[in-house]
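Worksheet: the structure to be examined is printed underneath.
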Amino acid sequence: MAGHGFHAVPLSIVKGDPSPGPTLMLPPFQTIYRQYFDFVWASARRLGVPSEAMDDVVQEIFVVIHTKMHSIEKPDALRSWIYGVVRRTVSGHRRSRRAEVSNGRSLDAGTDAESPEPTPFEHTERNADLELLSTLLNELDEPKREVFALVEVDELTVPEAAEALQIPLNTAYSRLRAARQAFEAALGRHEARNKGK
């Protein structure tokens, strides 16, 4: 997809048979790809995928989505299902990187090379507001940060976030409430520091 630095999804997948089966009311794969590309990219980045690995990880996520579409039991929960795929794929990627490092294998020689074209996220990172958001989110512990980002940034409903994270609904509400309080406190500290300058 132009402008994303992502070109590795085989054309045969993007143009492949989009039908998930007669009983599901899912959009065709290419529609899912277009609609959810930015969501997948931003979610993977927020979950810690380094920029040099983004193309491979995002390709793997969409390959899994294409392969598993027929197994979706709740088409109306597609976004939370996709986030679950992102989390599992990123987790697998982290495990394989740790295994490579512990086996003494050097990482790909090209990993330090600059991408010829900035990613959409890197474009947006130049925006001071997003940098502040990222800083404040990093002050939250991971369980709170995930719920907060899904609801407040990606605009999932709390039930969708709970399903994506595979946690009870009450837990999701509780974490979101605590995350909002922690976020507001962090924002207040940041504003107080800036007033003192």
Side-chain angles (χ1 to χ4, degrees), residues 1-97 99-100 108 110-111 115-125 130 142 145-167 169 172:
M1 213 171 239
H4 290 290
F6 180 74
H7 49 77
V9 168
L11 202 55
S12 61
I13 288 181
V14 176
K15 290 188 173 179
D17 178 10
S19 173
T23 59
L24 296 177
M25 299 296 291
L26 285 173
F29 174 76
Q30 55 265 47
T31 302
I32 292 173
Y33 180 83
R34 281 193 303 271
Q35 287 180 347
Y36 289 96
F37 185 90
D38 289 339
F39 172 70
V40 166
W41 186 283
S43 297
R45 194 63 181 264
R46 223 177 16 251
L47 288 169
V49 176
S51 58
E52 69 270 10
M54 285 297 292
D55 282 354
D56 290 341
V57 173
V58 172
Q59 173 183 348
E60 187 178 343
I61 290 165
F62 278 105
V63 168
V64 172
I65 289 169
H66 183 265
T67 305
K68 304 274 189 187
M69 279 172 62
H70 68 279
S71 69
I72 299 175
E73 294 175 2
K74 299 179 187 171
D76 57 336
L78 178 61
R79 189 163 48 162
S80 56
W81 180 84
I82 287 173
Y83 185 76
V85 172
V86 173
R87 278 184 94 210
R88 287 188 295 277
T89 306
V90 169
S91 178
H93 172 74
R94 281 188 186 144
R95 278 194 304 274
S96 77
R97 281 179 65 93
E100 284 178 11
D108 184 357
T111 56
S115 173
E117 201 175 333
T119 66
F121 198 86
E122 286 162 346
H123 275 301
T124 316
E125 276 181 328
L130 187 58
E142 188 171 350
R145 182 171 58 243
E146 275 195 310
V147 173
F148 186 90
L150 286 174
V151 174
E152 300 294 346
V153 179
D154 295 323
E155 299 180 347
L156 269 69
T157 64
V158 179
E160 283 177 325
E163 185 166 335
L165 298 171
Q166 297 180 330
I167 58 175
L169 185 57

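Computed from heavy atoms alone, side chains included, the values below leave out hydrogens, waters and symmetry copies.
- Formation of a donor-acceptor pair under 3.5 Å by the Arg95 side chain with backbone atoms of Val90 is not found in this model.
- The CG atom of Leu78 sits 15.5 Å away from atom OH of Tyr83, with the distance rounded to the nearest 0.5 Å.
- Taken from CG in Leu156 to CD1 in Ile82, the straight-line distance is 10.0 Å, to the nearest 0.5 Å.
- To the nearest 0.5 Å, the span separating CZ on Arg45 from CE on Met54 amounts to 6.0 Å.
- For the atom pair CG of Leu150 and CG of Leu165, the computed distance is 5.5 Å after rounding to the nearest 0.5 Å.
- The backbone N or O of Val40 lies less than 3.5 Å from no partner atom in the side chain of Ser43, so there is not a single donor-acceptor pair.
- Thr89 places a side-chain N or O within 3.5 Å of a backbone atom of Val85 that can act as its donor or acceptor partner.
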I'd like to know whether Trp81 forms a side-chain contact (heavy atoms from CB on, under 4.5 Å) with Glu163, so could you lay out the CA-CA distance, the side-chain angles of the two residues, the decisive distance to 0.1 Å, and finally the verdict.
CA-CA 8 Å; Trp81 180 84; Glu163 185 166 335; 6.0 Å; no
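- Using modelled atom types and a 3.5 Å distance limit, the side chains of Ser91 and Arg87 yield no donor-acceptor pair.
- In this structure, the side chain of Glu60 does not engage the main chain of Val57 through any donor-acceptor pair within 3.5 Å.
- The aromatic rings of Phe39 and Tyr36 sit perpendicular to each other, their planes meeting at more than 60°, with 30° as the lower class boundary.
- The shortest heavy-atom contact between Ala162 and Ala172 is CB-CB, 3.7 Å.
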Asp154 and Arg46: CA distance, side-chain angles, deciding distance, salt bridge (Lys or Arg N to Asp or Glu O under 4.0 Å) verdict
CA-CA 11 Å; Asp154 295 323; Arg46 223 177 16 251; 2.4 Å; yes
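- Side-chain contact check for Asp55 versus Trp41: some heavy-atom pair is nearer than 4.5 Å.
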Chi angles and distances behind the side-chain contact (heavy atoms from CB on, under 4.5 Å) call for Val151, Glu155
CA-CA 5 Å; Val151 174; Glu155 299 180 347; over 6 Å; no
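- To the nearest 0.5 Å, the span separating CD on Gln35 from OG1 on Thr31 amounts to 6.0 Å.
- Taking CD1 from Ile32 and CD1 from Ile65, the interatomic distance works out to 7.5 Å, rounded to the nearest 0.5 Å.
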Apply side-chain contact (heavy atoms from CB on, under 4.5 Å) to Glu142 and Arg145, showing your working.
CA-CA 5 Å; Glu142 188 171 350; Arg145 182 171 58 243; 3.7 Å; yes
